[in-house]
Amino acid sequence: MARPSGDAMAAPERALLSATLGVEIDAELLQLALTHRSYAYENGGLAHNERLEFLGDSILGQAVTVMLYTENPTLDEGELAKRRASLVSSVALAEIAVGIDLGAHILLGRGEILTGGRQKSSILADCVEAVIGAAYLSLGPDVATALVLRLIAPLLADPNRFGASMDPKTSLQELSTRYGKGLPHYEVTDSGPDHSKRFHATVLVGGSAVASGDGSSKKQAEMAAALAAWAILQRPSR
């Protein structure tokens, strides 16, 4: 399979990302994990990260499931499922990506760069999963699992995480009302062909745009935007 070559990750950049991740993934696999399909298509049909994303999604789910089951012996199946969904959602993964500045390392096509691809939650989330998949192939299951647990640790440290991420629109509405800003308002646009549409939502609180989110449905995009706005608005109260 062809690999991206013209924009190969420089050694210092790779070392910086490896230090942030806490693992040293094979250079070719790491670059493949960071290669978005838009870049691949613009450069002659190179390999891109979607297969690694598929692998990483399974590894992520298993690691989070085992951790939640082991560390929460009193929670029932329904509550465990809700918490797992919260931790492996595209919103949560995008938050992880922002925390480690993963967007700065992604190879994107010109169109995606111009439309803010490095900040799109869907692209960021997919790259996190792809990096996990690359870690699995490069270093094995134990290292990949440890990586997952390190990445989600900041999410687990947030005492409000599960309530907000399980129902972000209601959580944002309650917070907005508490601050006297009225009800949130969502503006949603879509792009792409009918069989593969992407939705982009911007949430306004008190008449001002606070945050945005992406998803494969209007509901998903609004939930992503709501959670991002909730995280921004509740910071002063911490």
Side-chain angles (χ1 to χ4, degrees), residues 57 60-61 64-65 67-68 71-72 74-103 115-129 151-192 194 196-238:
D57 176 68
L60 170 71
V64 169
T65 299
M67 180 276 296
L68 288 172
E71 296 187 5
N72 299 277
T74 63
L75 296 182
D76 62 24
E77 178 188 5
E79 183 65 22
L80 289 171
K82 289 178 182 178
R83 295 196 176 201
R84 178 178 59 192
S86 168
L87 293 170
V88 303
S89 70
S90 60
V91 175
L93 295 180
E95 187 176 337
I96 288 170
V98 170
I100 62 176
D101 197 24
L102 191 63
T115 57
R118 297 191 193 284
Q119 289 78 47
K120 288 183 180 179
S121 58
S122 56
I123 291 177
L124 292 171
D126 291 347
C127 275
V128 170
E129 291 180 334
L151 290 174
I152 67 170
L155 306 183
L156 292 170
D158 182 353
N160 299 311
R161 161 65 48 182
F162 294 115
S165 57
M166 288 177 192
D167 190 356
K169 294 183 73 172
T170 299
S171 296
L172 176 62
Q173 180 176 314
E174 291 173 350
L175 191 61
S176 176
T177 303
R178 188 187 315 153
Y179 287 166
K181 295 180 180 292
L183 297 177
H185 173 69
Y186 297 87
E187 297 179 348
V188 183
T189 59
D190 61 75
S191 60
D194 289 341
S196 183
K197 277 191 178 299
R198 297 295 303 177
F199 293 82
H200 180 79
T202 299
V203 59
L204 293 85
V205 177
S208 299
V210 176
S212 60
D214 301 291
S216 57
S217 68
K218 179 182 176 181
K219 179 180 178 180
Q220 189 180 79
E222 289 182 346
M223 289 177 65
L227 183 55
W230 173 87
I232 291 170
L233 292 180
Q234 59 88 44
R235 284 171 190 162
S237 63
R238 284 185 174 182

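Not measured: the values here are computed from a predicted model. In what follows, every heavy atom counts, from backbone to side chain, and hydrogens, waters and symmetry copies are set aside.
- From Ile232, atom CD1 reaches atom CG of Leu175 across 11.5 Å, with rounding to the nearest 0.5 Å.
- Arg198 and Ser191 share no side-chain donor-acceptor pair at under 3.5 Å.
- Ala224 approaches Gly213 most closely through the heavy-atom pair CB-CA, 3.9 Å.
- Considering every non-hydrogen atom in both Ile123 and Gly117, the closest pair reads CD1-O, 3.7 Å.
- Atom CG of Leu124 sits about 12.0 Å away from atom CD of Glu129, to the nearest 0.5 Å.
- Note that CD of Glu79 is 8.5 Å distant from CG of Asn72, once rounded to the nearest 0.5 Å.
- Nearest heavy-atom pair, Gly215 versus Ala221, reported as atom, atom and distance to 0.1 Å: N-CB, 3.8 Å.
- Looking at Thr177 and Leu183, their side chains come closer than 4.5 Å, going by heavy atoms from C-beta outward.
- Shown are Leu204, Val203, Val205; of these, the side chain to side chain contact (heavy atoms under 4.5 Å, CB included) with His185 is made only by Leu204.
- The structure places CZ of Arg178 at 10.5 Å from CG of Leu233, a figure rounded to the nearest 0.5 Å.
- When side chains are defined from C-beta on, Glu71 does not count as touching Leu68, because their heavy atoms never get closer than 4.5 Å.
- The shortest side-chain heavy-atom distance between Thr65 and Val88 does not fall under the 4.5 Å cut-off.
- Contact check for Leu151 versus Leu60: no side-chain heavy atoms found under the 4.5 Å cut-off.
- The CD atom of Glu222 sits 11.0 Å away from the CD atom of Glu187 when rounded to the nearest 0.5 Å.
- Taking both residues in full, the closest heavy atoms of Ala201 and Ala225 are given as O-CB, 3.6 Å, listed atom of the first, atom of the second, then distance.
- Atom OG of Ser208 and atom NZ of Lys181 lie 7.5 Å apart (nearest 0.5 Å).
- A donor-acceptor pair under 3.5 Å links the side-chain atoms of Ser89 to the main chain of Ser86, judged by distance alone.
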